[in-house]
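These notes concern the structure reproduced below.
A quick note: this is a predicted structure, and the numbers were derived from the prediction, not measured. Letters A, B, ... mirror the listed sequences (proteins, then strands); counts begin at 1.
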2 protein chains.
Amino acid sequence: MKIGELSRKTGASIRSLRYYESQGLISPLRESNGYREYSPLAEEQVRTIRFYLQLGLTTEQIAGFLHCVLSRPEAFCTEVLPVYESKLADIEAQIAQLTRIRDNLVDRISSFRDESEHGEGESKRDERSERSGF
Amino acid sequence: MKIGELSRKTGASIRSLRYYESQGLISPLRESNGYREYSPLAEEQVRTIRFYLQLGLTTEQIAGFLHCVLSRPEAFCTEVLPVYESKLADIEAQIAQLTRIRDNLVDRISSFRDESEHGEGESKRDERSERSGF
DNA sequence: CTTGACCCTGACATTAATGGCAGGGTGTAT
DNA sequence: ATACACCCTGCCATTAATGTCAGGGTCAAG
């Protein structure tokens, strides 16, 4: 199968398929005219790559275990676990950070609501709330 | 005060101070030799800018209301609320997305744990778990 | 007058995957 | 042969704030 067909079947753009190849994730044969020739298995392979990308893994990380997960159940590939654990730690840190920011925003938004509730021009409390959450 | 001193006082790098200026966030005077001359109020101003940046707002968004929050309590600046609300929506979407990925990772990690618990080479259940969370 | 600490502008690099173009070759059908 | 669909490589752009050069002024103290 040629690259256009694989692109249609998998939803990955042609550009992306070439990129995956440049990152060592997939290695199609070449026809005499230079065209890439993909085996039927490439379809599953590309879907697998895209799945891991959606998990937020990098092409480099995926390259580290792709050969394994393509040939046996993921749960038997020992290379995968540390990648998952490290990614999980990243994500939980990101979530924690975003949650702090969200809480801060919610506070600040509710201070607007408070202001508009009891009389616009009446700055009773807070002689400058002074970015207090900082 | 010159840029080096302001940098020391605020923790913003000289590079960043120049960048804030290029984005219209702060406009120091120039001495005859071309050096930037900052007023003492610049210190508070830079801290304010950095605070909003830490909330994840862009320099462009900050530029839209900075003149207001510098001159009165934030809660009276009507330009600020929509920016907060839009940023909050972004962040909640990001948190939701990250949470989905996290849950998926947690599942996959626990499938490794399950495997190692009851006999390594014994693939009893799951004839390929087949990236089921996808 | 030289040293050293400061300042200036302008430009390129960073990150990671993807989009998009230019310039060109291939292959098939009319 | 000409049109058209497809393929190739190589390159630049994207995002946003910041780091980091290079190449050059300014100015005070020695």
Side-chain angles (χ1 to χ4, degrees), chain A residues 1-38 42 45-64 66 83 86-87 90-91 93-94 97-98 101, chain B residues 1-38 42 45-64 66 83 86-87 90-91 93-94 97-98 101:
Chain A
M1 137 180 53
K2 280 178 297 191
I3 197 168
E5 188 182 350
L6 183 59
S7 170
R8 253 171 275 122
K9 285 182 175 171
T10 61
S13 71
I14 290 178
R15 178 69 180 81
S16 293
L17 293 175
R18 295 196 184 117
Y19 177 68
Y20 301 156
E21 182 178 351
S22 79
Q23 300 305 107
L25 293 178
I26 190 170
S27 300
L29 299 175
R30 293 303 181 112
E31 287 173 352
S32 53
N33 57 15
Y35 289 12
R36 291 169 178 82
E37 174 62 30
Y38 293 91
Q45 197 167 346
V46 169
R47 281 193 238 278
T48 302
I49 292 166
R50 305 198 86 206
F51 167 76
Y52 288 119
L53 285 174
Q54 284 182 28
L55 277 188
L57 304 186
T58 66
T59 53
E60 190 181 1
Q61 292 174 316
I62 297 169
L66 185 63
V83 176
S86 139
K87 185 66 193 178
D90 285 358
I91 288 190
Q94 282 180 58
Q97 166 74 358
L98 287 174
I101 293 174
Chain B
M1 137 178 56
K2 279 177 299 194
I3 198 170
E5 188 182 349
L6 182 60
S7 171
R8 253 171 275 121
K9 284 182 176 172
T10 60
S13 71
I14 290 178
R15 178 68 178 81
S16 293
L17 293 175
R18 296 199 185 115
Y19 178 68
Y20 301 156
E21 181 177 352
S22 80
Q23 300 305 107
L25 294 178
I26 190 169
S27 301
L29 299 176
R30 294 303 180 114
E31 288 174 352
S32 53
N33 56 16
Y35 289 11
R36 290 169 179 81
E37 175 62 30
Y38 292 92
Q45 198 166 346
V46 170
R47 281 192 237 277
T48 302
I49 292 166
R50 303 200 87 208
F51 167 76
Y52 288 118
L53 285 175
Q54 283 182 29
L55 277 188
L57 304 186
T58 67
T59 53
E60 189 180 2
Q61 291 174 316
I62 298 169
L66 186 62
V83 176
S86 138
K87 184 68 195 176
D90 284 358
I91 287 189
Q94 282 179 59
Q97 166 74 358
L98 287 173
I101 294 175

State, yes or no, whether a side-chain contact exists between [X] and [Y] at a heavy-atom distance under 4.5 Å.
{"X": "B/Thr58", "Y": "B/Gln61", "result": "yes"}
{"X": "B/Leu25", "Y": "B/Leu66", "result": "yes"}
{"X": "B/Tyr52", "Y": "B/Lys87", "result": "no"}
{"X": "A/Arg30", "Y": "A/Arg36", "result": "yes"}
{"X": "A/Tyr20", "Y": "A/Ile62", "result": "no"}
{"X": "B/Leu17", "Y": "B/Tyr38", "result": "yes"}

At their closest point, which heavy atom of [X] faces which heavy atom of [Y], and how far apart are they?
{"X": "A/Ile91", "Y": "B/Leu98", "value": "CG2-O, 3.7 Å"}
{"X": "B/Pro28", "Y": "B/Glu37", "value": "CB-O, 3.6 Å"}
{"X": "A/Thr59", "Y": "A/Gln23", "value": "OG1-NE2, 3.4 Å"}
{"X": "A/Ile26", "Y": "A/Gln45", "value": "CG1-NE2, 3.8 Å"}
{"X": "B/Ser7", "Y": "B/Ala12", "value": "OG-O, 2.7 Å"}

Rounding to the closest angstrom, what is the interatomic distance between [N] and [M] at atom [atom1]?
{"N": "D/dC8", "M": "C/dA16", "atom1": "P", "answer": "26 Å"}
{"N": "C/dC12", "M": "D/dC12", "atom1": "C1'", "answer": "14 Å"}
{"N": "C/dC21", "M": "D/dT15", "atom1": "P", "answer": "16 Å"}

Considering only heavy atoms, which members of residues 7-16 of chain A lie under 4.0 Å from some atom of DNA chain D?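 Within residues 7-16 of chain A, the residues near DNA chain D are A/Ile14.
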Looking at DNA chain D, which of residues 18-25 of chain B put a heavy atom within less than 4.0 Å of it?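 Within this stretch, B/Tyr19, B/Tyr20 sit under 4.0 Å of the strand.
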Counting only heavy atoms not in B/Glu60, do more than 12 fall under 6.0 Å of its CD?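 Atom CD in B/Glu60 is not packed in, count stays at 12 or less.
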Return the stems involving DNA chain D, sorted by first number, where pairs are Watson-Crick (N1-N3 with N6-O4 or O6-N4) or G-U wobble (N1-O2 and O6-N3), both under 3.5 Å, and runs are 3 or more long.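 Stem segments, range with range: C:1-14 with D:17-30, C:17-30 with D:1-14.
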Going by the rule side-chain contact (heavy atoms from CB on, under 4.5 Å), which residues pair with B/Arg15 if we only count those two or more places apart in sequence or in a different chain?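 Counting only residues at least two positions away or on another chain, B/Arg15 forms a side-chain contact (heavy atoms from CB on, under 4.5 Å) with B/Ser13, B/Tyr19.
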Taking heavy atoms of chain A and a 4.0 Å limit, find me the 5'-most and 3'-most nucleotide of DNA chain C within that range.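 The protein-touched segment is C/dA17 to C/dG27.
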Could you check how far CD of B/Glu37 sits from C1' of D/dC27, rounded to whole Å?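 Those two atoms, CD and C1', are 15 Å apart.
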Using the closest heavy atom to pick a nucleotide of DNA chain D for each, name whichever of B/Leu53 or B/Ser32 lands nearer the 5' end.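 That would be B/Leu53.
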Map A/Gly4 and B/Glu60 onto DNA chain D by nearest heavy atom, then report which one ends up closer to the 5' terminus.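 Comparing both residues, the 5'-ward one is A/Gly4.
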How long is the span from the CD1 atom in A/Ile3 to the CD atom in A/Glu5, to the nearest 0.5 Å?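 The distance works out to 12.0 Å.
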Please produce a list of atom pairs where a protein N or O lies less than 3.5 Å from an N or O of nucleotides 23-26 of chain D.
unit_1	atom_1	unit_2	atom_2	d
D/dG25	N2	B/Tyr35	OH	2.8
D/dT26	O4'	B/Tyr35	OH	3.2

